Colleague: 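The following block contains the structure, expressed as structure tokens.
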Amino acid sequence: MKRWIFLSAVLLLTLAVGCSQPADDEATAKKKKTTFVTIGTGGITGVYYPTGGAIAKIVNNKREEYGIRATVESTAGSVFNVNAIMAGDLEFGIVQSDRQYQAINGKKEWEGSPQKNLRAVFSIHPESVTLLAATDADIKTISDLRGKHVNIGNPGSGQRGNAIDALEAAGINWEIDIDPEQVKAAEAPGLLQDDRIDAFFYTVGHPSGAFKEATSGRRKTRFVAITETDSLVQKFPYYAKSYIPAALYPGAANEEDTPTFGVKATFCTSATVSDEVVYAITKEVFENFEAFKKLHPAYQVLTKKSMLEGLSAPLHPGALKYYKEAGLM
Ligand code: GLU
């Protein structure tokens, strides 16, 4: 009897081990197959960071199906993202449409060295070149920035170039005519509230955490119109007129919308990232479009069509495959 129990136990154990074996192998196979991708974004008070999170969330929901695990990284911004994608440190990144154009065509930061492997995936929300000033600094137009302490943005950000373009269009040399600060946008609201700067530029979608923070402090603030936009829009194909809705920031002194100019946030990758991965991400974002749109108020204006506009780098073949399949192209 005892012997019988012992034998049964051995048999059961063998069976159990036998059964668990294939499952283990399957699990290892799946694990081995997981492709990790990192999405470069911007500062955590911007819109890129939650956008990276929104894309990652949608893709990670299908982790079993695709074996893709997306994570998000807070970075210095557009210019940094392009360079990190090109260096292979990031698989994806969110990049201003103007920066995408400059990188692929070898202009500005990439003067003479076009980033040939940069690939476009889709466009996302519009971004406005936004200038916020303390009301006590007496800045009503961009020309009033002369002699003021102004954050134009960190090297690596998208906004630094937009601030310089806006200043130049108003006849202001940023190195001579203003007292420039070059810190990250996430630090600017604190500096403004602490009386350490008079104004700052940030190119971002609205509403954004950065401007909520900057407009709800003790020191009163106002969005400053950038009206020298005709020349900018004529000179640069990637700029378009835009405005900042007053209703989004009740803490600011503005009663009306503020005219300015803007670009688009775009989702970029490298030609070296596989078609399968780019296809899967593109497909999941587009097939879950309504759910995606709900993830941030800055996406309100998105349409599937608008997400295919503002791209100047060649489309990644993985994205193109989906657009053709879905009849979007
Ligand atoms: N447009 C900014 C940049 O390219 C980032 C804005 C954001 O993080 O939402 O650096």
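For ligands, and for the atoms within them, numbers begin at 1 and follow the listed sequence. Nothing here was measured: the structure is a model prediction, and the numbers come from that model.
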Colleague: Considering only the protein, which heavy-atom contact is closest to atom 3 (C) of ligand 1, and what is its distance?
Modeller: Gly158 N, 3.2 Å
Colleague: Closer than 4.0 angstrom, basic N to acidic O: yes or no for Asp230 and Lys235?
Modeller: no
Colleague: Does Tyr202 have a non-hydrogen atom less than 4.0 Å from ligand 1?
Modeller: yes
Colleague: Which option, Thr45, Thr51, Val47, owns the non-hydrogen atom nearest atom 9 (O) of ligand 1?
Modeller: Val47
Colleague: Looking only at distance, does Tyr49 have an N or O less than 3.5 Å from an N or O of ligand 1?
Modeller: no
Colleague: Just which atoms of ligand 1 are under 4.0 Å from any heavy atom in Ser157?
Modeller: 10 (O)
Colleague: Is it the case that atom CZ in Arg196 sees more than 12 heavy atoms from other parts of the structure closer than 6.0 Å?
Modeller: no
Colleague: What atoms in ligand 1 come closer than 4.0 Å to a heavy atom of Gly77?
Modeller: 10 (O)
Colleague: Closer than 4.0 Å to some heavy atom of Gly46 - which atoms of ligand 1 meet that?
Modeller: 7 (C), 8 (O), 9 (O)
Colleague: With Tyr66, which of Lys33, Glu276, Glu284 fulfils side chain to side chain donor-acceptor pair (under 3.5 Å)?
Modeller: Glu284
Colleague: When you measure from atom 4 (O) of ligand 1 to every protein heavy atom, which one gives the shortest distance, and what is it?
Modeller: Ser78 OG, 2.5 Å
Colleague: Which of parallel (below 30°), tilted (30 to 60°) and perpendicular (above 60°) describes Tyr299 and Phe292?
Modeller: parallel
Colleague: Taking non-hydrogen atoms only, is Glu127 closer than 4.0 angstrom to ligand 1 via side chain, backbone, both or neither?
Modeller: side chain
Colleague: With atoms numbered from 1 as shown, which atoms in ligand 1 lie under 4.0 angstrom from a non-hydrogen atom of Gln96?
Modeller: 1 (N), 2 (C), 3 (C), 4 (O)
Colleague: Could you tell me whether Lys321 and Asp275 make a salt bridge, using a distance below 4.0 angstrom between a side-chain N and a carboxylate O?
Modeller: no
Colleague: Numbering the atoms of ligand 1 from 1, which are under 4.0 Å from a heavy atom of Thr203?
Modeller: 1 (N), 2 (C), 5 (C), 6 (C)
Colleague: Surrounding CD of Glu65 (heavy atoms of other residues, nucleotides or ligands, distance under 6.0 Å), is the total greater than 12?
Modeller: yes
Colleague: Verify side-chain hydrogen bond (donor to acceptor under 3.5 Å, both in side chains) between Asn81 and Tyr48, making sure each step is shown before the conclusion.
Modeller: CA-CA 11 Å; Asn81 292 345; Tyr48 286 10; over 6 Å; no
